[in-house]
Amino acid sequence: MYRIGIDLGGTNIAVGLVDENYKIVVKKTTPTLAKRESEAIVADMARLCREVCEAKGVDIKDIVNIGVAAPGIANHRNGCVEYSCNLPFRRFPLVKALADELGVEESRVKIANDANAAAWGEAVAGAAKGTSNSIMVTLGTGVGGGIIIDNKIFSGFNAAAGEIGHIVIEQDGALCGCGRRGCWEAYSSATALVRMTKEAVEECERTGRYTSMSKAERISGRTACDAMRAGDEVGTEVYNRYVKYLANGITNMVNIFQPEVISLGGGVSNEGQSLIDAILPIVRAEQYGGDVVELTQLRIAELGNDAGIIGAAALEQ
């Protein structure tokens, strides 16, 4: 029994043939070329679906489920991508278009927001496997995530829920890409960590304070982390500040949802268990309920870039 998962990104389309154990057995990718017509993008999605099936000798009509992880507002109730800022979809009936292109029934094609699909992937086959309530937080260019409640993706009445990066944690704080100020994304994304690192280096250059980070050819999300591990005082201050903001948002997630597991994905999560160890004491000290209630577990996400494919393949809505 095979399923197909499609991770539709602004840069690449990735399609995987997934077995009954939620393992990807064949994977194909192609550039999205996002400025094209919607129909041309769907045609490439369908082509990759056929290619992964042919590679394993499987008939597309025998595929149990075809799921799409799409950026933006992906409405599983009507099969439309209502809006995507990086793709030309505006109330586009993606489910019908893909089903027609593949010659299968619409009922066999499912759709979800890409972050929600990744969270679902972690719930069925990754860090939150075996739980009914979990949250995945992705720490990349922005802060994204997905919320699983009672073994279902929580998407709200309008399919737009789950934008956890846009809770405000610093009133009148840094400007976020969404237009608000003080969003969690503006303080806990990899982009935010780079900004805070640059600000610290510039401050050191003005005051004459030493930091090894001034010698970096390019400041990235790893710069402060590497400096902290090397004992750099300024790097440690930046890292600790970042951790405090990250823990603040995670504590909010715990207090609102009380999930069994929160998993961390995205580039910053490559810090691994040391990141969890830095966050956890702050969360435990500030979370509602303290040691009285059963405690949410923090884990590093396990599926990496394949989470969207696996989660899409496992969609059941």
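- Using a 4.5 Å cut-off on side-chain heavy atoms (C-beta onward), N65 and V18 make no contact.
- Side-chain contact check for P31 versus I13: every heavy-atom pair is 4.5 Å or farther apart.
- Hydrophobic cluster membership is shared by V238 and M228, with clusters built from Ile, Leu, Val, Met, Phe, Trp and Tyr side chains linked at under 4.5 angstrom.
- Contact detail for K27 and A14: the closest heavy-atom pair is CE-CB, 4.4 Å.
- Atom OG1 of residue T131 and atom CD of residue Q297 lie 11.0 Å apart, to the nearest 0.5 angstrom.
- Distance alone, capped at 3.5 Å, is enough to place a donor-acceptor pair between the K61 side chain and the G103 backbone.
- W120 places a side-chain N or O within 3.5 Å of a backbone atom of A314 that can act as its donor or acceptor partner.
- Taken together through direct or relayed side-chain contacts under 4.5 Å among Ile, Leu, Val, Met, Phe, Trp and Tyr, L94 and L33 form parts of separate hydrophobic clusters.
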| request: Check the pair I73 / N113 against side chain to side chain contact (heavy atoms under 4.5 Å, CB included), numbers first and verdict last. | output: CA-CA 6 Å; I73 301 174; N113 166 268; over 6 Å; no
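- Using a distance-only test at 3.5 Å, with no hydrogens or angles considered, a donor-acceptor pair links the side chain of R90 to the main chain of S84.
- Cluster membership check: M136 does not share its hydrophobic cluster with I279, using side-chain heavy-atom separations under 4.5 Å among Ile, Leu, Val, Met, Phe, Trp and Tyr.
- Here the closest non-hydrogen pair linking S274 and Y239 is O-OH, 4.0 Å.
- Using modelled atom types, one side-chain atom of K110 and one backbone atom of S107 make a donor-acceptor pair closer than 3.5 Å.
- Heavy atoms only, all atoms of each residue included: V81 and A70 are closest at CG2-CB, 4.1 Å.
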- request: Could you check E271 against R229 for salt bridge (charged side-chain N to carboxylate O under 4.0 Å, His left out), going step by step and ending with a plain yes or no?
  value: CA-CA 11 Å; E271 285 298 301; R229 279 191 292 274; 2.4 Å; yes
In sequence, state the C-alpha distance, the side-chain angles, and the governing distance for L303 and E122, and then conclude on side chain to side chain contact (heavy atoms under 4.5 Å, CB included). CA-CA 7 Å; L303 302 181; E122 290 292 337; 3.3 Å; yes
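- Here the CG atom belonging to L48 is positioned 10.5 Å from the CG atom belonging to N12, to the nearest 0.5 angstrom.
- In this structure, V143 and H166 have side chains that are not in contact, with every pair of non-hydrogen atoms separated by 4.5 Å or more.
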- Quick one: do T211 and D232 satisfy side-chain hydrogen bond (donor to acceptor under 3.5 Å, both in side chains)? Show the steps, please. CA-CA 6 Å; T211 175; D232 184 278; 3.1 Å; yes
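- More than 12 non-hydrogen atoms from other residues, nucleotides or ligands lie less than 6.0 angstrom from CZ of R47.
- Here I6 contributes atom CD1 and I111 contributes atom CD1; the two are 9.5 Å apart, rounded to the nearest 0.5 Å.
- Between the CD1 atom of I282 and the CD atom of Q287 there is a distance of 12.5 Å, given to the nearest 0.5 Å.
- Using a 4.0 Å cut-off between charged side-chain N and carboxylate O, R36 and D44 make a salt bridge.
- Judged by distance alone, with hydrogens and angles left aside, the side-chain atoms of Y83 form no donor-acceptor pair with the main-chain N or O of F89 at under 3.5 Å.
- If you take CD1 on I300 and OG on S263, they are separated by 8.5 Å, rounding to the nearest 0.5 Å.
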In sequence, state the C-alpha distance, the side-chain angles, and the governing distance for D150 and S132, and then conclude on side-chain hydrogen bond (donor to acceptor under 3.5 Å, both in side chains). CA-CA 5 Å; D150 292 336; S132 299; 5.9 Å; no
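- Judged by distance alone, with hydrogens and angles left aside, the side-chain atoms of R91 form no donor-acceptor pair with the main-chain N or O of E82 at under 3.5 Å.
- The number of heavy-atom neighbours closer than 6.0 Å to CG of N305, taken from other residues, nucleotides and ligands shown, is 12 or below.
- With respect to the salt-bridge test (charged N to carboxylate O, under 4.0 angstrom), the residues K23 and D19 do not qualify.
- Tested against L8 for a side-chain contact (heavy atoms from CB on, under 4.5 Å), the candidates D114, I41, L98 yield a single pass: I41.
- Using a 4.5 Å cut-off on side-chain heavy atoms (C-beta onward), W184 and N252 make no contact.
- By the 6.0 Å contact criterion, CD on Q273 is enclosed, its count of non-hydrogen atoms from other residues, nucleotides or ligands being greater than 12.
- Between atom CZ of residue R180 and atom CD of residue E185 there is a gap of 12.0 Å, rounded to the nearest 0.5 Å.
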Can Y245 and E170 be said to form a side-chain hydrogen bond (donor to acceptor under 3.5 Å, both in side chains), step by step?
-> CA-CA 9 Å; Y245 281 124; E170 185 78 38; 3.3 Å; yes
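- Salt bridge E316/R3: present, at least one basic N to carboxylate O contact under 4.0 Å.
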task = Could you please spell out the steps behind the side chain to side chain contact (heavy atoms under 4.5 Å, CB included) verdict for T32 and L87?
result = CA-CA 9 Å; T32 307; L87 292 170; 3.7 Å; yes
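- Linking Ile, Leu, Val, Met, Phe, Trp and Tyr residues whenever their side-chain heavy atoms come within less than 4.5 Å places Y22 and I24 in a single cluster.
- Taking the side chain as every heavy atom from C-beta outward, E37 and P88 never approach each other to under 4.5 Å.
- Using a 4.5 Å heavy-atom cutoff, the side chains of S134 and I262 are not in contact.
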Give the C-alpha distance, both sets of side-chain angles, the deciding distance and a yes or no for side chain to side chain contact (heavy atoms under 4.5 Å, CB included) between V15 and I4. CA-CA 7 Å; V15 175; I4 288 177; 3.8 Å; yes
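- Both the sub-6.0 Å distance and the 45° axial angle are satisfied by R195 relative to the ring of Y187.
- I219 and V201 make their closest contact through CD1-CG2, 4.0 Å (heavy atoms, listed as atom of the first residue, atom of the second, distance).
- Under 4.0 Å is where a charged nitrogen must lie from a carboxylate oxygen, and between E237 and R241 no such pair does.
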I would like to know whether K28 and E54 meet salt bridge (charged side-chain N to carboxylate O under 4.0 Å, His left out); could you show each step before the answer?
CA-CA 11 Å; K28 301 278 186 178; E54 289 167 3; over 6 Å; no
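- L102 places a side-chain heavy atom less than 4.5 Å from the side chain of R50.
- A salt bridge links R209 with E233: the closest approach of a Lys/Arg side-chain nitrogen to an acidic carboxylate oxygen falls below 4.0 angstrom.
- Closest heavy-atom contact between A174 and A186: O-CB, 4.0 Å.
- Looking at every heavy atom in both residues, N116 comes nearest to S155 through ND2-CB, 4.4 Å.
- Two residues are said to be in side-chain contact when any heavy atoms from C-beta on lie closer than 4.5 Å; M253 and I164 meet this criterion.
- Checked by atom type and distance alone, the side chain of R108 pairs as donor or acceptor with a backbone atom of I63 at under 3.5 Å.
- Following chains of ILVMFWY side-chain contacts shorter than 4.5 Å, one cannot reach V261 starting from I276, and the two form parts of different hydrophobic clusters.
- Counting heavy-atom neighbours within 6.0 Å of R77 CZ, excluding the residue itself, gives a total above 12.
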